[in-house]
Number of protein chains: 2
Amino acid sequence: MTPAHEAHRLFFEIGMRERARYGQELAALGLTFQLAHALRLVGDEPRSMKELAELLVCDASNVTGIADRLEARGLVERRPAEGDRRVKLLALTPAGDELREQVLAIMLEPPAAIRSLSRDDQVALRDILRRAVGD
Amino acid sequence: MTPAHEAHRLFFEIGMRERARYGQELAALGLTFQLAHALRLVGDEPRSMKELAELLVCDASNVTGIADRLEARGLVERRPAEGDRRVKLLALTPAGDELREQVLAIMLEPPAAIRSLSRDDQVALRDILRRAVGD
DNA sequence: TATTGTTATACTCTATAACTATA
DNA sequence: TATAGTTATAGAGTATAACAATA
């Protein structure tokens with residue numbers, strides 16, 4: 001097994017653990033991954049439904065339901081856009097903004113596997129991953 | 001942003017890209033991630049439904065449907081287990097074994113981000129990830 | 001009584017296609 | 001005609017609860 005293959009295997013293993021961790025923690029907030037992800041994206045700035053579909057990499061028809069579920073919980077609201085009456089913008093409510101902060105805390109928390117590394121290893125890992133994504 | 005946080009962000013980014021890549025490639029084989037994952041796990045050795053549920057980290061009731069879909073496509077078969085007539089073992093058919101090989105080729109292929117690294121970086125990444133998962 | 005697998009039910013995520021109201 | 005959003009529909013993944021067969 002090459003170093004690249006073994007690195008990938010370990011990468012995948014850590015990723016699966018993470019998926020389980022934040023899945024559980026988001027569920028404790030009553031959120032699925034998709035809803036949490038949408039909440040993150042809407043929070044950066046108000047988004048049209050179409051924009052959100054592109055950011056979520058899903059068909060536009062799904063965004064109706066995602067927005068419905070977020071809106072039903074009072075986390076976002078649909079607003080008319082200026083200049084084009086077809087467009088609706090999704091914007092966070094105060095409650096949505098508050099919950100989004102908790103989502104960010106969960107999603108941005110480094111995995112235990114990374115936290116367990118020495119400071120030097122964390123820096124080396126960051127530098128290698130920067131090169132990997134082509135910085 | 002700490003090195004651990006940035007490493008996590010980059011890690012997550014590579015993971016999302018990978019998810020999209022193998023999602024597409026598995027779809028070309030007519031498989032979802034869950035079905036492909038189940039096929040991988042069954043292939044190592046015949047598994048009882050309960051075992052498979054544990055390995056997939058899902059409720060046992062889901063495995064009935066997963067097994068149904070794989071069986072409908074002739075990829076696995078249910079076999080009686082010896083010694084306990086409640087238990088059914090899932091085993092690969094020859095067609096399932098063949099498709100599983102293609103699944104493994106897709107899932108074990110290192111991400112482009114890792115392949116693009118120098119040999120030294122690949123080795124360093126592997127070693128750091130080994131330490132991260134606690135080897 | 002407890003366990004294995006199944007069924008029934010319900011919710012979410014996903015895509016495609018058809019529809020509406022705008023542009 | 002084309003686009004933004006919706007609705008209808010269908011399949012897959014998920015969980016809970018109730019059930020049959022077996023232990």
Side-chain angles (χ1 to χ4, degrees), chain A residues 16 19-42 46-73 75-91 103, chain B residues 16 19-20 22-24 26-42 46-73 75-91 103:
Chain A
M16 290 290 277
R19 185 170 142 169
R21 177 191 65 84
Y22 60 60
Q24 281 191 324
E25 295 184 14
L26 291 174
L29 298 182
L31 291 173
T32 60
F33 177 75
Q34 277 304 313
L35 288 190
H37 197 33
L39 207 56
R40 285 177 71 180
L41 295 167
V42 169
R47 308 279 191 185
S48 72
M49 311 284 283
K50 181 179 172 60
E51 271 178 317
L52 189 54
E54 284 161 2
L55 292 167
L56 291 173
V57 194
C58 73
D59 190 86
S61 63
N62 296 315
V63 178
T64 297
I66 289 170
D68 286 347
R69 289 190 284 280
L70 291 174
E71 201 168 31
R73 292 186 49 189
L75 302 173
V76 306
E77 57 182 19
R78 285 168 164 95
R79 290 185 192 160
E82 295 173 10
D84 189 335
R85 284 189 297 172
R86 293 173 303 179
V87 177
K88 295 173 189 172
L89 296 180
L90 293 177
V103 167
Chain B
M16 290 291 276
R19 185 170 141 169
Y22 61 60
Q24 281 191 323
L26 291 173
L29 299 182
L31 291 173
T32 60
F33 176 75
Q34 276 304 312
L35 288 189
H37 196 36
L39 206 56
R40 285 177 71 180
L41 295 167
V42 168
R47 307 280 190 184
S48 73
M49 313 284 283
K50 181 180 171 60
E51 270 179 317
L52 189 54
E54 284 161 2
L55 292 167
L56 291 173
V57 193
C58 72
D59 190 84
S61 64
N62 296 314
V63 177
T64 298
I66 289 169
D68 286 348
R69 288 190 284 279
L70 291 174
E71 201 168 32
R73 292 187 47 189
L75 302 173
V76 307
E77 58 182 19
R78 285 169 163 96
R79 289 184 194 161
E82 295 173 10
D84 188 335
R85 283 189 297 173
R86 292 173 305 179
V87 176
K88 295 174 189 172
L89 296 180
L90 293 177
V103 167

Is A:Thr32 touching bases, backbone alone, or none of the nucleic acid, heavy atoms closer than 4.0 Å? sugar-phosphate

Please test A:Asp68 against A:Arg78 for salt bridge (charged side-chain N to carboxylate O under 4.0 Å, His left out), starting from the C-alpha separation and ending with a verdict. CA-CA 9 Å; A:Asp68 286 347; A:Arg78 285 168 164 95; 3.0 Å; yes

Between [N] atom [atom2] and [X] atom [atom1], what is the distance in whole Å?
X	N	atom1	atom2	result
B:Arg86	C:dT1	CZ	P	17 Å
A:Phe33	D:dA15	CZ	P	17 Å
A:Leu39	C:dC13	CG	P	12 Å
A:Asp59	D:dA8	CG	P	16 Å
B:Ile66	D:dA15	CD1	C1'	13 Å
A:Leu26	C:dT12	CG	P	15 Å
A:Arg79	D:dG5	CZ	C1'	18 Å
B:Arg19	D:dG13	CZ	C1'	12 Å

For the side chain of [X], starting at C-beta, report the closest nucleotide among [options].
X	options	result
B:Thr64	D:dT14, C:dC13, C:dG5	C:dG5
B:Leu35	D:dT22, D:dG13, C:dG5	D:dG13
A:Lys50	D:dT3, D:dG5, C:dT14	D:dG5

Test log, rule side chain to side chain contact (heavy atoms under 4.5 Å, CB included), inputs A:Glu77 and A:Leu90: CA-CA 6 Å; A:Glu77 57 182 19; A:Leu90 293 177; over 6 Å; no

Do the side chain of B:Ser61 and the base of D:dT16 come within less than 3.5 angstrom through a donor-acceptor pair of N or O atoms? yes

Is there a donor N/O on one and an acceptor N/O on the other, under 3.5 Å, for the side chain of B:Arg85 and the base of D:dT22? no

Would you say B:Arg47 places a side-chain N or O within less than 4.0 Å of OP1 or OP2 belonging to C:dT4? no

When you check the phosphate oxygens OP1 and OP2 of C:dC13, does a side-chain N or O of A:Arg69 lie under 4.0 Å from one of them? yes

Before giving the answer on side chain to side chain contact (heavy atoms under 4.5 Å, CB included), spell out for B:Leu56 and B:His37 the whole-Å C-alpha distance, their side-chain angles and the decisive distance to 0.1 Å. CA-CA 8 Å; B:Leu56 291 173; B:His37 196 36; 3.6 Å; yes

Less than 4.5 Å apart, any side-chain heavy atom of A:Leu89 and any of A:Val87? yes

Pick the nucleotide of DNA chain C nearest each of A:Gly83 and B:Lys88; which residue has the one closer to the 5' end? B:Lys88

Pick the closest DNA chain D nucleotide for B:Asp84 and for A:Ala67 by heavy atoms, then say which residue is nearer the 5' end. A:Ala67

Short question: side chain of A:Arg73, backbone of A:Gly30 - any donor-acceptor pair under 3.5 Å? yes

